[in-house]
Amino acid sequence: MNRSILLAAVCASALVAAPAASAKTLIFCSEGSPENFYPGVNTTGTSFDGAEPIYNRIVEFERGGTKVVPGLAEKWTISEDGKVYTFNLRRGVKWHSTSRSFKPTRDFNADDILFSIERQWKEEHPYFKVTSSNHSYFADMGMPKLLKSVEKVDDYTVKITLNQPEAPFLSDLAMPFAAIQSKEYADAMLKARTPEKIDQDPIGTGPFYLLQYQKDAVIRYRAFPAFWGGKAKIDDLIYSITPDASVRWAKLQKNECHVMPYPNPADLDAIRKDPNVQIMEQAGLNVGYLAFQTTKKPFDDVRVRKAISMAIDKKAIIDAVYLSSGVAAKNPIPPSQWSYNDSVKDDPLDPAAAKKLLAEAGYPNGLETDLWAMPVQRPYNPNARRIAELMQADLAKIGVKAAIKTFEWGEYRKRLQEGEHQMGMLGWTGDNGDPDNFLHTLLGCDSAKSASGANIAKFCHKPFDDLVVKAKTVSDQAERTRLYEQAQVIFKEQAPWFTIAHAVQLKPISKKVVDFKLSPFGRHTFYGVDITE
């Protein structure tokens, strides 16, 4: 009897999850499963994509661009000294009412802004450690020291005061980590002793609500009819979780999905020939790199870091792995990013000079190290394992024995952030269109000192840090450019990374898809997109 009831419930759930026959359904072949639905503790595009349909932020990026536009705040003012931001919030914004545990009794208001910031900021907050205490973006960007106060003026006015001017602050608030959650829902779940539900069974104010999530299989969303911006053009949005790039391509060919990320470079010729598919293409705001753990021997010695950089054949890697979808990287920011310093010279391929440097550093007979390779395809790196093998072969020529290591993706990133590696591959796609998002977030001392920060090289070099910290406080872009150009020179001298490549963003989509726009940040936004039958 119990089994019959269970079966009936499962069938009913499946019927609820299934799109109506006349509904417009768009299927996105995503590359992986989100860790949860709380962007404040995540750093991967996969998890950000999973949460994107659900939430809004105080301000947003315009679709397909880097311009900051109104979100949950319809307007704002900034004080003359650049320290006080006053946001006037939208009225009548509805919360999703789809949680099985909670039904909202009020519209969005200022309390939700304070809750969403304070759960990342204040360690005594009851939600600080819920899901994870690792609010890595918030910490890596220096927010704990930057924020002086966040005040509710009234239900629809919030005043944020900073300790110093912060040039990219508005752009920061448009990033995924700044998603706004319901304080009323959080309070109810805390009272019920199930606080984790707000991140697992989420509600937001976004254009779609979560209908079903089956890890490693599917995420189903449905258009939110009461969305403040107007109902989405599509009715149902499905993420078909498909880790293998060639399988994603096969599904696109069979019309089993309509948009796919990160195509296999080897498939591009065939994709371009398919009459039912178009490839959207633009320069990627990203970088793939090999980070040296600069607080560990032997990589605390810049001569060893330089030797490794001069031993690896970057062109061979790009030719073999990226094919036509990547360009050699010499700086930690991509060429499309303002303040890119093109006068910086890359380290030459010179194994003889590399051996000499190793000898000078005390390793005349070479050394042994690890070489960590990502287990998944990323927008900045199509095949980390193959790249690791090519690097391993190059390093053997100068007497460096590199043992390739990898872990499950979540474990891999956790261990890298904790600094367990000696050499580790990772990469970054920009989140806000500002050089600060690369140079300070990935290479600044704030992030290096964090136990789980994004600075996996643990690189904390005062001359570099002084420049990137000062650049955050300057409003004049020409002066900021000058500071960032100097920082890139120091980066190359100190070599905390071997910079590999900047990947071109390529997005094969069905010609049935209407008005999909590439995000410069590599995100996938489906509000505003339509589909024809």
Side-chain angles (χ1 to χ4, degrees), residues 14-32 34 45-46 48-56 60-65 96 98 204-214 217-242 245-263 267-268 270-282 379 505-533:
L15 287 172
V16 169
S22 59
K24 286 186 176 181
T25 301
L26 187 143
I27 304 172
F28 171 53
C29 273
S30 67
E31 78 287 1
T46 305
F48 290 153
D49 280 344
E52 181 63 25
I54 299 167
Y55 298 114
N56 292 121
E60 307 277 356
F61 291 115
E62 66 177 349
R63 197 161 62 97
H96 304 158
T98 50
T205 59
F208 298 90
Y209 60 86
L210 181 67
L211 204 57
Q212 178 194 22
Y213 173 41
Q214 185 179 345
V218 68
I219 315 175
R220 296 180 184 272
Y221 309 86
R222 186 156 291 164
F224 181 34
F227 178 56
W228 58 266
K231 182 184 173 294
K233 295 175 182 175
I234 55 174
D235 301 296
D236 290 279
L237 174 62
I238 297 173
Y239 285 18
S240 177
I241 298 168
T242 313
S246 294
V247 177
R248 293 197 293 273
W249 164 225
K251 286 185 175 182
L252 186 64
Q253 286 175 287
K254 293 186 285 186
N255 205 36
E256 292 175 8
C257 71
H258 304 111
V259 178
M260 65 165 284
Y262 321 132
D267 291 333
L268 287 174
I271 296 172
R272 293 186 198 281
K273 292 173 183 174
D274 191 308
N276 300 313
V277 173
Q278 61 173 318
I279 297 184
M280 302 184 73
E281 183 172 345
Q282 71 178 21
Q505 186 181 177
L506 299 164
K507 203 80 60 184
I509 69 171
S510 165
K511 288 186 177 177
K512 293 181 177 182
V513 176
V514 179
D515 203 25
F516 179 84
K517 293 185 183 296
L518 289 178
S519 160
F521 314 120
R523 300 285 79 80
H524 297 90
T525 302
F526 296 101
Y527 181 69
V529 179
D530 205 348
I531 191 162
T532 60
E533 293 303 325

Review point. So, the side chain of Arg248 versus the backbone of Tyr262: is there a donor-acceptor pair under 3.5 Å, distance only?
Key: yes
Practice item. Examine distances only and state if a side-chain atom of Ser519 and a backbone atom of His524 form a donor-acceptor pair shorter than 3.5 Å. Key: no
Practice item. Compare all side-chain heavy atoms of His96 with those of Ile54 and state whether any distance is below 4.5 angstrom. Key: yes
Exercise for review: Give a yes or no answer on whether the side chain of Lys511 reaches the backbone of Gln278 with a donor-acceptor pair at less than 3.5 Å.
Suggested key: no
Point to revise | Interatomic spacing from NZ in Lys507 to CD1 in Ile279 - rounded to 0.5 Å | key: 11.5 Å
Point to revise | Criterion side chain to side chain contact (heavy atoms under 4.5 Å, CB included) on Val529 and Phe28, from CA distance to verdict | key: CA-CA 12 Å; Val529 179; Phe28 171 53; over 6 Å; no
Exercise for review: Please report the closest heavy-atom contact between Ala223 and Ile234, naming both atoms and the distance.
Suggested key: CB-O, 3.4 Å
Practice item. State, to 0.1 Å, how close Arg272 and Leu506 come at their nearest heavy-atom pair, and which atoms those are. Key: NH2-CD2, 4.4 Å
Exercise for review: Determine the sole option in Arg220, Arg222, Lys24 for which the side chain to side chain donor-acceptor pair (under 3.5 Å) test with Asp236 is passed.
Suggested key: Arg222
**Study point:** Aromatic contact, Tyr239 with Tyr213 (centres under 6.0 Å)
**Key:** no
Review point. What are the two closest non-hydrogen atoms of Pro263 and Ala245, and how far apart are they?
Key: C-CB, 4.3 Å
**Study point:** Side-chain touch Asn255/Lys512, heavy atoms, less than 4.5 angstrom
**Key:** yes
Point to revise | Beyond-backbone contact of Asp49 with Arg523, side-chain heavy atoms, under 4.5 angstrom | key: yes
Check your understanding: Can you find a heavy atom in the side chain of Glu256 that is under 4.5 Å from one in the side chain of Ile27?
Key -> no
Point to revise | Student check: side-chain heavy atoms of Ser240 and Lys251 closer than 4.5 Å | key: yes
Practice item. Measure up the Tyr209 and Phe224 rings against each other and bin them: parallel (under 30°), tilted (30 to 60°), perpendicular (over 60°). Key: perpendicular
Point to revise | Pairing residues for Ser510 by the side chain to side chain donor-acceptor pair (under 3.5 Å) criterion, not counting sequence neighbours | key: none
Review point. Taking atom CD of Gln212 and atom CG of Leu210, what is their separation to the nearest 0.5 Å?
Key: 9.0 Å
Review point. Do Tyr221 and Pro207 have side-chain heavy atoms sitting under 4.5 Å apart?
Key: no
Check your understanding: Considering all heavy atoms of both residues, which atom of Pro53 and which atom of Leu237 are nearest to each other, and what is their separation?
Key -> CG-CD2, 4.0 Å
**Study point:** Ring geometry between Phe227 and Tyr527 (parallel below 30°, tilted from 30 to 60°, perpendicular above 60°)
**Key:** perpendicular
Point to revise | Within-4.5 Å side-chain heavy-atom neighbours: Gln505 and Pro520 | key: no
Review point. What pair of heavy atoms forms the shortest contact from Ile531 to Leu26, and how long is it?
Key: CD1-CA, 4.4 Å
Point to revise | Separation of His258 NE2 from Cys29 SG (nearest 0.5 Å) | key: 9.5 Å
Revision key, fill the gap. All heavy atoms of Glu31 vs all of Pro261, minimum pair found to be OE1-CG, 3.8 Å
Exercise for review: Under the side chain to side chain donor-acceptor pair (under 3.5 Å) rule, collect the residues that match up with Tyr55, sequence neighbours excluded.
Suggested key: Gln181
Review point. Can you tell if the side chain of Ile219 reaches within under 4.5 Å of the side chain of Pro34, non-hydrogen atoms only?
Key: yes
Review point. Does the side chain to side chain contact (heavy atoms under 4.5 Å, CB included) test come out yes or no for Asp530 and Asp515, once each step is laid out?
Key: CA-CA 7 Å; Asp530 205 348; Asp515 203 25; over 6 Å; no
Exercise for review: May I have the step-by-step check of side chain to side chain contact (heavy atoms under 4.5 Å, CB included) for Thr525 and Lys517, ending in yes or no?
Suggested key: CA-CA 8 Å; Thr525 302; Lys517 293 185 183 296; over 6 Å; no
**Study point:** Mutual orientation of the aromatic rings belonging to Phe526 and Phe516 [parallel < 30°, tilted 30-60°, perpendicular > 60°]
**Key:** tilted
